[in-house]
Peer 1: 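Take a look at the following structure, please.
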Amino acid sequence: MKLYMTEASGNSYKIRVLASILNVPYEKVLIDWDNKEHKKPPFLRLNPRGQVPVMEIEGKVFWDSAAHLVYIARKYGGEQWLPTTPLELAEVVQWLAFSQSEIHFGLQWARGVVNKLLFGSLQEYQGYGRKALELLAWRLNDHDWLAVGQPTIADIACYPYVKRAREGGFMLDAYPPVIAWLKRCEALPGWLKLD
Ligand SMILES: N[C@@H](CCC(=O)N[C@@H](CS)C(=O)NCC(=O)O)C(=O)O
């Protein structure tokens with residue numbers, strides 16, 4: 001398996017965390033972000049979105065961290081990280097979808113604007129981001145983990161841009177259940193520190 005990534009990418013980090021927890025070897029291919037390698041034709045042939053992460057797996061190319069997490073969890077994670085009963089699967093996928101909606105367009109993009117990585121309405125992104133944090137706090141108020149009562153790829157998918165939310169101007173301290181959940185994630189064996 002090859003992972004095209006940057007060290008700073010939160011979406012690439014998700015894959016690195018799961019691979020670390022499950023002890024799965026892969027080859028890192030670092031993209032030259034500053035020279036916009038991810039926007040040039042050779043990379044766009046791998047991912048027409050021009051984004052990292054991208055993975056080459058068994059001769060096929062996949063973009064989007066959700067796809068990579070699903071593959072690694074099913075292939076190497078048994079029933080722990082992506083359980084297969086229909087109800088459990090639906091519950092995990094519900095949170096994967098959430099990580100790609102309110103978290104992505106709220107927490108990730110607000111941070112992106114503040115850090116001058118992208119343009120757009122900070123106010124609008126912060127509005128989505130606050131919804132993300134409120135919803136997480138509601139869920140985590142009486143659950144240790146986002147789905148099925150155990151750590152899964154739902155937690156990994158939601159973690160990085162929640163952890164980095166302060167950089168997008170969010171008051172993370174206003175959501176104690178979310179802070180407690182971040183700490184629970186960080187205590188899992190094999191978890192990687194997010195720089
Ligand atoms: N839904 C995608 C989002 C990927 C993403 O936003 N990647 C960022 C880096 S973390 C990127 O490459 N941004 C460049 C761009 O969107 O132009 C995933 O989960 O992989």
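For ligands, and for the atoms within them, numbers begin at 1 and follow the listed sequence.
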Peer 1: Mind checking side chain to side chain contact (heavy atoms under 4.5 Å, CB included) for Gln100 and listing every partner two or more places apart, or none if nothing turns up?
Peer 2: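 Expected list: Lys14, Asp64, Ser65, Ala66, His104.
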Peer 1: Name the residues in contact with ligand 1, where contact means a heavy atom under 4.0 Å away: which are they?
Peer 2: Ser9, Gly10, Asn11, Trp33, Lys39, Arg49, Gly50, Gln51, Val52, Pro53, Asp64, Ser65, Gln100, His104, Gln108, Tyr161
Peer 1: Ring-plane angle category for Trp109 and Tyr125, please: parallel below 30°, perpendicular beyond 60°, tilted otherwise.
Peer 2: perpendicular
Peer 1: Return the set of residues passing side chain to side chain contact (heavy atoms under 4.5 Å, CB included) with Pro25 (not counting sequence neighbours), or none when no residue passes.
Peer 2: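 Listed in chain order: nothing, the list is empty.
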Peer 1: Using side chain to side chain contact (heavy atoms under 4.5 Å, CB included) as the criterion, list what pairs up with Ala73, not counting sequence neighbours.
Peer 2: Leu18, Trp81, Leu82, Ile153
Peer 1: Assess whether a salt bridge exists between Lys163 and Glu186, defined as any Lys/Arg side-chain N lying under 4.0 Å from an Asp/Glu carboxylate O.
Peer 2: yes
Peer 1: Taking the inter-plane angle between the rings of Tyr159 and Trp191 on a 0 to 90° scale, is it parallel (under 30°), tilted (30 to 60°) or perpendicular (over 60°)?
Peer 2: perpendicular
